[in-house]
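In the text below, chain A, chain B and the rest are named by the order of the sequence lines, each starting its count at 1. Predicted model only: the values in this text are computed from it and were never measured.
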Protein chains: 2
Amino acid sequence: MSTARGARARARIEVTAAIKDEARRQLAEEGAAKLSLRAVARELGMVSSALYRYFPSRDDLLTALIIDAYDSLGETAEAAHAKVADAGPVRRWTVVCEAVRDWALAHPHEYALIYGSPVPGYTAPDTTVPAASRVGLLLIGIIRDAHQGAGVALPRLPAELEPEARRLAEDLAPDLPPAVVTALVAAWAQLYGLVGFELFGQFNRLVEDREPFFRHAVAQLGHGVGLVFPQDTGTGGRGSRSGS
Amino acid sequence: MSTARGARARARIEVTAAIKDEARRQLAEEGAAKLSLRAVARELGMVSSALYRYFPSRDDLLTALIIDAYDSLGETAEAAHAKVADAGPVRRWTVVCEAVRDWALAHPHEYALIYGSPVPGYTAPDTTVPAASRVGLLLIGIIRDAHQGAGVALPRLPAELEPEARRLAEDLAPDLPPAVVTALVAAWAQLYGLVGFELFGQFNRLVEDREPFFRHAVAQLGHGVGLVFPQDTGTGGRGSRSGS
DNA sequence: ACACAAACGAGAGCACTGCTCTTGCTTTGG
DNA sequence: CCAAAGCAAGAGCAGTGCTCTCGTTTGTGT
């Protein structure tokens with residue numbers, strides 16, 4: 001029978017998925033620390049020990065959720081990007097950054113799981129690397145296109161950073177100038193600083209209109225990686241010193 | 001007697017401090033989630049229920065630690081800043097940012113406690129606000145001095161952000177241009193993005209020479225808030241387009 | 001000086017957690 | 001067809017936050 005080995009295998013897949021779904025539900029509701037194996041098992045009508053046949057430990061279940069979260073974020077960002085794939089680098093950059101923020105606001109606990117402080121005594125295994133890179137690859141692609149299309153300005157690069165910049169470019173995008181790749185990595189981290197601050201309440205009672213604030217900050221990040229924005233072609237306000 | 005109300009009160013203060021010390025020790029070793037009231041009590045030779053006379057719940061103990069962490073970070077940053085108080089804004093900016101990073105690397109779990117994902121189902125009470133603002137106030141002071149000393153360039157500010165910018169300036173530094181205050185808040189968030197990414201392992205197997213990387217990123221942040229760096233006075237590399 | 005109230009430490013206990021081990025039952029593959 | 005592997009269930013261990021009760025100590029107002 002074609003599904004000879006499938007009966008059990010498929011059941012296993014289904015149960016595994018059910019566990020992850022229920023775990024994701026509890027994660028979204030209460031956060032990672034309150035995610036309880038026993039509660040998941042209870043909700044699924046099984047006994048807690050049975051759950052260990054599918055995930056050898058709570059941390060392994062969390063790891064599975066982390067990978068799924070990375071994939072969900074990556075997929076969302078890619079979908080948003082696909083809709084404006086024909087637009088200029090500036091618009092694509094903006095859209096991807098805003099997709100990241102939107103996803104984070106919609107899935108705060110999952111965002112916290114992957115970009116907040118790592119879970120207690122837990123270090124993510126290498127398995128998560130490919131899923132974690134999806135947004136980064138997207139941004140690199142955008143900057144690459146901008147570079148080929150002459151829509152990019154070369155950021156400055158101090159001499160002390162040149163070796164590291166060369167290493168980064170080698171690893172991430174050998175066809176791009178090291179200065180650009182370095183700026184991109186920094187912008188990537190800064191993007192998550194902006195999102196994290198908003199998500200974790202650091203902007204409470206401080207920033208109210210967060211969409212325009214974020215948009216502007218993202219535009220500035222774009223500047224950092226050399227993207228040339230439309231308004232830059234106008235009369236520049238930059239460089240005008242303010243006297244005492 | 002002068003210490004009539006002191007005997008017990010002082011004992012209380014001492015025990016409270018001992019509890020916090022031991023808790024801080026466990027926090028530094030194992031992280032916030034593995035901080036156990038019972039373990040703290042055990043280590044102090046008391047029974048767990050006795051500890052509830054001093055902290056009504058685990059979260060309250062955690063809150064106390066959070067405030068202490070904010071204070072420790074703020075104090076460290078202020079001390080570092082005091083050493084270069086006579087230097088120019090650029091140097092002071094750099095020193096404060098690096099002090100923040102150094103403190104974070106030295107106290108990773110405490111940093112995670114205050115700037116990572118908030119602890120499970122826990123929202124920081126308003127008590128933490130003053131302690132949390134110390135580094136921010138420091139940075140504002142630096143930019144204020146830079147502004148008065150004509151060492152600052154006005155960042156651009158899109159029209160849609162003007163109301164929010166005015167509000168921010170009103171709250172944080174009414175004597176500074178809204179565009180500067182807005183850029184400063186963004187830079188503040190981005191700084192913590194950089195530190196968090198390094199601390200939480202996002203730069204593992206990616207960025208190796210992190211000091212120069214961070215220095216450069218912080219310099220770029222300084223640009224964002226209008227600080228004019230020495231090398232800016234030279235021939236600019238900025239604006240040179242890269243063709244296809 | 002005495003009495004009363006508040007603060008305190010200790011212990012038992014509740015409900016919960018992650019995890020292990022053993023016991024049977026069912027499905028699968030040689 | 002039968003042994004082996006996969007599986008669910010239950011009991012149990014060590015640990016957690018937190019509550020309640022019980023004497024005892026300490027400070028204070030009369």
Side-chain angles (χ1 to χ4, degrees), chain A residues 1-20 22-23 25-27 29-66 113 118-123, chain B residues 1-20 22-23 25-27 29-66 113 118-123:
Chain A
M1 184 155 303
S2 67
T3 57
R5 88 143 27 114
R8 205 166 203 139
R10 197 177 52 210
R12 186 177 177 83
I13 291 177
E14 277 175 12
V15 174
T16 306
I19 292 173
K20 284 208 292 187
E22 177 58 29
R25 243 208 57 235
Q26 296 191 11
L27 173 65
E29 270 190 2
E30 302 269 23
K34 289 203 174 175
L35 170 64
S36 152
L37 276 187
R38 295 183 107 111
V40 170
R42 207 179 304 135
E43 209 69 24
L44 261 54
M46 45 167 104
V47 86
S48 71
S49 60
L51 211 145
Y52 283 82
R53 301 257 167 209
Y54 300 88
F55 295 93
S57 84
R58 185 182 178 277
D59 278 2
D60 289 270
L61 176 54
L62 265 177
T63 302
L65 292 184
I66 288 178
L113 195 59
V119 172
Y122 163 86
T123 54
Chain B
M1 187 136 323
S2 66
T3 59
R5 99 152 9 126
R8 206 168 199 134
R10 197 176 53 210
R12 184 174 180 84
I13 291 177
E14 277 174 12
V15 174
T16 305
I19 292 173
K20 285 208 291 186
E22 176 58 28
R25 243 208 57 236
Q26 296 191 10
L27 173 64
E29 271 190 0
E30 302 268 23
K34 289 203 175 176
L35 170 64
S36 154
L37 276 186
R38 293 183 107 111
V40 170
R42 206 179 305 136
E43 209 69 22
L44 262 53
M46 48 168 102
V47 86
S48 71
S49 60
L51 211 146
Y52 283 82
R53 303 260 173 209
Y54 300 87
F55 295 93
S57 84
R58 185 181 177 278
D59 278 1
D60 290 270
L61 175 54
L62 228 49
T63 300
L65 292 184
I66 287 179
L113 195 59
V119 173
Y122 162 85
T123 53

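If you take CG of A/D60 and C1' of C/dG18, they are 13 Å apart, rounded to a whole angstrom. As a whole-Å value, the separation of B/L51 CG from D/dG17 P is 10 Å. Distance, A/R10 CZ to D/dG6 C1': 17 Å, rounded to whole Å. A straight line from CG of B/L61 to C1' of D/dC18 spans 14 Å, rounded to a whole angstrom. B/F55 places its CZ atom 13 Å from the P atom of C/dG9, with the value rounded to the nearest Å. Rounded to a whole Å, the CD atom of B/E30 is 14 Å from the P atom of D/dG15. Atom-to-atom, NZ of B/K34 to P of D/dG15 comes out at 13 Å; the value is rounded to the nearest Å. Following rounding to the nearest Å, B/L62 (CG) and D/dG17 (C1') show an atom-to-atom distance of 13 Å.
Smallest separation of non-hydrogen atoms from B/A64 and B/F55: CB-CE2, 3.9 Å. Considering every non-hydrogen atom in both B/V40 and B/Q26, the closest pair reads N-NE2, 3.4 Å. When all heavy atoms are compared, the tightest approach of A/A23 to A/L61 is CB-CD2, 4.0 Å. Between A/K20 and A/L65 the shortest heavy-atom distance is O-CD2, 3.8 Å.
Checking D/dT19, D/dG10, D/dT16 against every side-chain atom of A/V47, the shortest atom distance belongs to D/dG10. Residue B/R8 has its side chain nearest to D/dT25 when only C/dG18, D/dT25, C/dT26 are considered.
Looking at heavy-atom distances under 4.0 Å, A/S49 makes contact with a base. A/L35 comes within 4.0 angstrom of the backbone, heavy atoms only, and of no base.
Between A/Y54 and D/dA8 there is a side-chain polar atom (N or O) within less than 4.0 angstrom of OP1 or OP2. Side-chain nitrogen and oxygen atoms of A/S48 include none within less than 4.0 Å of the OP1 or OP2 phosphate oxygen of C/dT17. Distances shown here put a side-chain N or O of A/R12 below 4.0 Å from the OP1 or OP2 atom of D/dC7. Within the 4.0 Å cut-off from OP1 or OP2 of D/dT16, at least one side-chain nitrogen or oxygen of B/R42 is found. For A/R53, no side-chain nitrogen or oxygen approaches OP1 or OP2 of D/dC7 to under 4.0 Å. At least one side-chain nitrogen or oxygen of A/R58 sits closer than 4.0 Å to the OP1 or OP2 atom of C/dG18.
When the nearest nucleotides of DNA chain C are assigned to A/P56 and B/G45 by heavy-atom distance, the more 5′-ward of the two goes with B/G45. Each of B/R38 and B/V15 was assigned the nucleotide of DNA chain C with the nearest heavy atom; the assignment lying further toward the 5' end belongs to B/V15.
Side chains of A/T63 and A/D60: a donor-acceptor N/O pair is absent below 3.5 angstrom, by distance only.
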